[in-house]
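Following: one structure in structure tokens, then a few remarks.
Values below: all heavy atoms of this structure, side chains included; hydrogens, waters and symmetry mates excluded. As the structure is a computational prediction, the values presented were derived from the model and not from experiment.
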Number of protein chains: 2
Amino acid sequence: MARGGKGPSLTVDVAVISVRDGTLGTLLVRRAAGLAALPGGAVGLDEPLEDAAARALLTEAGLRDVFLEQLYTFGAPGRDPRARVVTVAYYALVDGRRFDAIDRAATPVLTARIEVPWEGEAGGPVRALDEAGARLPLALDHADILGTAVKRIRGKLDYTPIGFQLLPERFTLRQLRQVHETVLGRPLNKDSFRRRMLASGQLERTDERQQGVDHRPAALYRFGRRSAV
Amino acid sequence: MARGGKGPSLTVDVAVISVRDGTLGTLLVRRAAGLAALPGGAVGLDEPLEDAAARALLTEAGLRDVFLEQLYTFGAPGRDPRARVVTVAYYALVDGRRFDAIDRAATPVLTARIEVPWEGEAGGPVRALDEAGARLPLALDHADILGTAVKRIRGKLDYTPIGFQLLPERFTLRQLRQVHETVLGRPLNKDSFRRRMLASGQLERTDERQQGVDHRPAALYRFGRRSAV
DNA sequence: TGAATAGTGTCTATAAGACAATATCCC
DNA sequence: GGGATATTGTCTTATAGACACTATTCA
């Protein structure tokens, strides 16, 4: 961790966000001291920041080709007691079902549930819970980074259709709404959500329908190139 | 510029944004090679990032106590041809009249007009023009940083009253609207802007009125603590 | 047929845009 | 008074929420 330079060291960390069963989830790795941490690592001397984030996702979490966007840079002098480390945080949005496909032997990741103790876009740290509901202590300021990611995504949902990044390629309007509700942490009006999404021109109706449900199957949609205006 | 460490060096840069006479303005400093650059500098080993940005503003531009918020971190390997330098960019919002109060002898800043060659929130680099309207070549990726700042502020205006940071403490609704129009680069509906602002509960009407205009003087408002809900 | 959700249409409440009518100030 | 903008109020239009009704699937 020691470096010869005069300035702070630089790392990247990735807050992986997914939605499963109506709750927010994330991916963590075990670090020393029994703490869980975001996937991340040092930035190579000639490596683009986003490449470093993608590399951490691949080597530490076994994930590739995910939506990845810069979040915020955390640099409080005391955030890492061992040395001055500034980290450029990214967030990734992943279809929750991809968590199941990760080779746990090759990459011993932890899947955790995120509990958001604030409403709206108030912000603040969040809690990570394991499958049994026990609290997972997070390293450094990683609870703040995850909280910042949730806050950012909540804000983006209002004017951007990033919800589909959390779903498989084809999905129903109900699934999309439930993803939005899970991210926002509040119920949405069914009718107006439907109208708004269909009016946005971003959804493309496929001629397939939902399978294996015990009621009228919904039409499957996918996100298409922005169609008009 | 050379460092002994294995990782990138770290700096901060500040995009100072102001509004004067219906145009966007910024503050630049002269650097080698006749280029103009954003105020900025290296981050101290134990210095918080925002402190480094505030320090650069004070020493290079003579500005203190301004609204300052983190913008984005720029770290493309080729952005500085001399060495790998990652910069955490901040943006500052300043009442344009404060540009006139800067001691030009102590801090030889340049005031420039910003020309935005794109609409809405498309994004991309902007141009800096001097008082005579001549183009000021910008160092490194500073045109991108300024562009990112304009884009961010445009987005924030839709749901946050940051406009008042660009005005003196007391202002009229017309001044506030013109600031919004300048930032957004498009006209706003006068009536609905007025209603929206008054309904927001963020404006506090003072018992003073505009002075020295050749028509009915408008009431002066100031921003108050969010009052209700 | 019944349970359950999809999908459509209608009515109402709220916010935005357009515009008319006064109200105040300086000259 | 005339010119200019502020301020208030009304009407119209677009959008969101509420709700009723029909459609479609499986058990």
Side-chain angles (χ1 to χ4, degrees), chain A residues 21-22 120 154-155 157-161 163-164 167-168 170-222 228-229, chain B residues 21-22 120 154-155 157-161 163-164 167-168 170-222 226-229:
Chain A
D21 308 324
R154 283 189 177 178
L157 262 198
D158 291 336
Y159 59 95
T160 310
F164 76 97
L167 286 170
R170 284 140 197 270
F171 50 85
T172 66
L173 282 170
R174 161 183 273 256
Q175 289 175 313
L176 183 61
R177 176 168 53 84
Q178 288 177 334
V179 161
H180 279 234
E181 289 176 336
T182 301
V183 170
L184 294 174
R186 63 183 173 86
L188 293 174
N189 183 284
K190 180 184 183 311
D191 303 301
S192 109
F193 181 83
R194 181 188 193 82
R195 255 189 315 225
R196 211 154 32 88
M197 285 299 144
L198 292 178
S200 77
Q202 312 240 19
L203 292 188
E204 206 171 286
R205 181 169 184 160
T206 71
D207 40 13
E208 289 175 82
R209 322 191 125 257
Q210 206 173 17
Q211 302 273 331
V213 285
D214 66 340
H215 56 267
R216 173 174 175 176
L220 292 178
Y221 290 81
R222 68 169 157 238
V229 180
Chain B
D21 308 323
R154 284 188 177 178
L157 263 198
D158 291 337
Y159 59 96
T160 311
F164 76 98
L167 286 170
R170 284 140 198 271
F171 50 85
T172 66
L173 282 170
R174 164 184 273 256
Q175 288 175 314
L176 184 60
R177 176 168 52 86
Q178 287 177 335
V179 161
H180 279 235
E181 289 176 337
T182 301
V183 170
L184 294 174
R186 63 184 173 86
L188 293 174
N189 183 282
K190 181 184 183 308
D191 303 302
S192 107
F193 181 83
R194 181 188 193 82
R195 255 188 318 225
R196 211 152 32 89
M197 284 300 143
L198 292 179
S200 77
Q202 314 239 19
L203 291 188
E204 205 172 286
R205 183 171 183 159
T206 72
D207 41 12
E208 289 176 82
R209 321 189 126 256
Q210 207 174 15
Q211 302 272 329
V213 285
D214 66 341
H215 56 266
R216 172 174 176 176
L220 291 178
Y221 291 81
R222 72 168 154 239
R226 44 208 84 242
S227 57
V229 181

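Remark: Leu176(A) CG to Met197(A) CE distance equals 5.5 Å, nearest 0.5 Å. In this structure, Arg195(B) CZ and Leu173(B) CG are separated by 13.0 Å, a value rounded to the nearest 0.5 Å. Remark: Leu184(A) CG to Asp158(A) CG distance equals 6.5 Å, nearest 0.5 Å. Here Leu220(B) contributes atom CG and Leu203(B) contributes atom CG; the two are 12.0 Å apart, rounded to the nearest 0.5 Å.
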If you restrict it to nitrogen or oxygen atoms, what contacts under 3.5 Å exist between nucleotides 16-20 of chain D and the protein, and what is each distance?
residue, atom, partner, partner atom, Å
dG17(D), OP2, Ser192(A), OG, 2.3
dG17(D), N7, Arg195(A), NH2, 2.7
dG17(D), O6, Arg195(A), NH1, 3.4
dA18(D), OP2, Asn189(A), ND2, 2.9
dC19(D), N4, Asp191(A), OD1, 3.0
dC19(D), N4, Asp191(A), OD2, 2.9

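Nearest-nucleotide positions on DNA chain D for Arg177(B) and Pro217(A) put Arg177(B) closer to the 5' end.
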- Message: Would Leu198(A) and Tyr221(A) count as a side chain to side chain contact (heavy atoms under 4.5 Å, CB included) here? Give the steps.
- Response: CA-CA 10 Å; Leu198(A) 292 178; Tyr221(A) 290 81; 3.8 Å; yes
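Under the rule for a side chain to side chain donor-acceptor pair (under 3.5 Å), the partners of Arg177(B) that lie at least two apart in sequence or sit in another chain are Glu181(B). The side chain to side chain donor-acceptor pair (under 3.5 Å) check on Arg170(A) picks up Glu208(A), with sequence neighbours excluded.
Listed candidates were dG7(C), dT8(D), dC25(C). Nearest to the side chain of Ala218(A) is dG7(C). When each of dT7(D), dG7(C), dT24(D) is scored by its nearest atom to the side-chain atoms of Lys190(A), the top-ranked nucleotide is dG7(C). Closest to the side chain of Arg174(B), from the set dT7(D), dT5(D), dT25(D), is dT5(D).
Atom CE of Met197(A) is separated from atom P of dA6(C) by 16 Å (rounded to the nearest Å). Across the protein-nucleic acid pair, Leu198(B) atom CG and dA16(C) atom C1' stand 15 Å apart, rounded to whole Å. Straight-line distance from the CZ atom of Arg194(A) to the P atom of dT15(D): 18 Å, rounded to whole Å.
Within residues 207-216 of chain B, the residues approached by DNA chain D to less than 4.0 Å at the level of any non-hydrogen atom are Asp214(B), His215(B), Arg216(B), in residue-number order.
For residues 185-194 of chain B, no pair satisfies side-chain hydrogen bond (donor to acceptor under 3.5 Å, both in side chains), with sequence neighbours left out. Residue pairs meeting the ring pair (Phe, Tyr, Trp, His ring centres under 6.0 Å) criterion with at least one partner in residues 187-218 of chain A, sequence neighbours excluded, are His180(A)-Phe193(A).
The residue Ala219(B) sits close only to the backbone: its heavy atoms come under 4.0 Å of sugar-phosphate atoms, none of a base.
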